[in-house]
Chemist: 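First the structure, then my questions, so here it is.
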Number of protein chains: 2
Amino acid sequence: MALLKHSRQRDSIVEYLAGTKEHPTADMVYANIREQFPNISLGTVYRNLSLLNELGQVVKITTPGQPDRFDYRTDPHYHFICVKCGRVIDLDIEDKDIGDIDAIAGKGFDGIVNGHICQFYGICPDCVREERKHGN
Amino acid sequence: MALLKHSRQRDSIVEYLAGTKEHPTADMVYANIREQFPNISLGTVYRNLSLLNELGQVVKITTPGQPDRFDYRTDPHYHFICVKCGRVIDLDIEDKDIGDIDAIAGKGFDGIVNGHICQFYGICPDCVREERKHGN
DNA sequence: CTATGTGCAAATCCTTTGCATCAAC
DNA sequence: GTTGATGCAAAGGATTTGCACATAG
């Protein structure tokens, strides 16, 4: 297995991710890191994001029809995606309320269920307000 | 809104999807329909799959890092994806066991949660058997 | 010094689209 | 005969990769 070396670029990516709750795409990361490393390439951003993901330091969020997003929060939690504005928001769902869905899903199934990916959709607080303002 | 005309190609796609539980990708559909319509193009397959999806006759299943799959079953149900062989299998989860996760997710959230996408991962029955056979 | 990381550009994969022609109504 | 559907090929977006050079250890 390859030995891991330090890199200023990777540090910068981690720092940026750690400091935002925006769940940025690779492009957004790229745009941001560029302010400090004007020569960084998109390829490097992708390479580091996927390395960090493999190391378990970053979670990759894949949603239909949109570019992947990245989340520095690695503890188990869920994501809400606003169908109006596309924003991705962390949800804190109590584990006891949802933690056993793998077992529920596996009931009567002959294989082994040991994980799931679940994303919630709807309208985010900001967009709800926006709709009310325009009398919808 | 555009008027819908009949097409033999579309019929064939529907017929194929209705007769399989494989959750085929666009490529798999293409390969299959080609046996009857050797000149059909991949573009036509994509166009029809996405039309059928918009009409609600077909469900599109998006999974990270894999091409989309299509399912003729449109009643609410969940999918299991085998991490060994990639197979996608329908799960019948009793609605009372999982039907209220939107409400659970929305607890303490200021927006509106009105839907979710949830996929389960693990090892399918065939691969479980395979592992046992090789003493794993 | 040696191995890993970078920047750049090209390549890849899946999917969508423009356009001339064909088929359904 | 109008309009939607097709086939073909080209374009598109997101992501990965090959390679020569830079840099961390």
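Every chain is numbered from 1, with letters handed out A, B, ... down the list of sequences.
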Chemist: Please confirm whether any donor atom in the side chain of Arg34(B) sits under 3.5 Å from an acceptor in the base of dG7(D), or the reverse.
Modeler: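 Per atom types, no contact qualifies.
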Chemist: Please confirm whether any donor atom in the side chain of Arg8(A) sits under 3.5 Å from an acceptor in the base of dG5(C), or the reverse.
Modeler: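 Result: no qualifying N/O pair found.
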Chemist: Is it true that Arg73(A) and Asp92(A) have a side-chain N and a carboxylate O under 4.0 angstrom from each other?
Modeler: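 Judged by the 4.0 Å cut-off on N to carboxylate O distance, Arg73(A) and Asp92(A) do form a salt bridge.
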Chemist: Hydrophobic cluster membership, with links at side-chain heavy-atom distances under 4.5 Å among I/L/V/M/F/W/Y: are Phe37(B) and Leu17(B) in one?
Modeler: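 Same cluster: Phe37(B) reaches Leu17(B) through Ile, Leu, Val, Met, Phe, Trp or Tyr contacts under 4.5 Å.
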Chemist: Rounded to the nearest 0.5 Å, what separation is found between the CG atom of Asp110(B) and the CD1 atom of Ile89(A)?
Modeler: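 CD1 of Ile89(A) is found 9.5 Å from CG of Asp110(B).
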Chemist: Can you tell me how far P of dC13(C) sits from CG of Asp68(A), to the nearest Å?
Modeler: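 Atom CG in Asp68(A) sits about 18 Å away from atom P in dC13(C).
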Chemist: Could you check which of dG7(C), dA14(D), dC14(C) has an atom nearest any side-chain atom of Pro67(A)?
Modeler: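 In terms of side-chain proximity for Pro67(A), the closest of dG7(C), dA14(D), dC14(C) is dA14(D).
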Chemist: Which whole-number value in Å describes the distance from Asn39(B) CG to dA23(C) C1'?
Modeler: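 From Asn39(B) CG to dA23(C) C1': 15 Å.
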Chemist: Starting the side chain at C-beta, find the nucleotide from dA24(C), dT6(C), dT15(C) nearest to Ser7(A).
Modeler: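 Closest nucleotide to the Ser7(A) side chain: dT6(C).
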Chemist: Can you work out whether Gly43(B) or Arg10(B) has the more 5'-proximal nearest nucleotide on DNA chain D?
Modeler: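 Here Arg10(B) is the residue nearer the 5' end.
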Chemist: Which of these nucleotides, dA14(D), dG7(C), dC8(D), is closest to any side-chain atom of Asp27(A)?
Modeler: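 It is dA14(D).
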Chemist: If we ignore hydrogens and angles and just use 3.5 Å, is the side chain of Arg87(A) paired with the main-chain N or O of Cys82(A) as donor and acceptor?
Modeler: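 Answer holds: no.
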Chemist: I need the CD-P distance between Gln9(B) and dC8(D), as an integer number of Å.
Modeler: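 Distance, rounded to whole Å: 11 Å.
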Chemist: Are any of Ser41(B)'s side-chain N or O atoms less than 4.0 Å away from OP1 or OP2 of dC8(D)?
Modeler: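 Answer no for this pair, as no side-chain N or O of Ser41(B) is under 4.0 Å from OP1 or OP2.
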Chemist: Counting side-chain heavy atoms from C-beta on, which of dG7(C), dG5(C), dT6(C) comes nearest to Ile40(A)?
Modeler: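 The answer is dG7(C).
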Chemist: Considering only dT16(D), dC14(C), dG7(D), which nucleotide approaches the side chain of Tyr46(A) most closely?
Modeler: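 Shortest atom-to-atom distance from the side chain points to dT16(D).
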Chemist: Are side-chain heavy atoms of Gln66(A) and Thr25(A) found at a separation under 4.5 Å?
Modeler: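 No - every pair of side-chain heavy atoms lies 4.5 Å or more apart.
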Chemist: Give a yes/no on whether any side-chain N or O of Thr44(A) is located under 4.0 angstrom from OP1 or OP2 of dG7(C).
Modeler: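 So the side-chain polar atoms of Thr44(A) do come within 4.0 Å of the phosphate oxygens OP1 or OP2 of dG7(C), strictly under.
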Chemist: Want to settle it: does His6(B) or Gln66(B) sit nearer the 5' end of DNA chain C, counting the closest nucleotide to each?
Modeler: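 Closest to the 5' end, via its nearest nucleotide, is Gln66(B).
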Chemist: Which nucleotide sits closest to the side chain of Arg47(B): dG18(D), dT6(D), dA24(D)?
Modeler: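 Taking heavy atoms from C-beta onward, the closest nucleotide is dT6(D).
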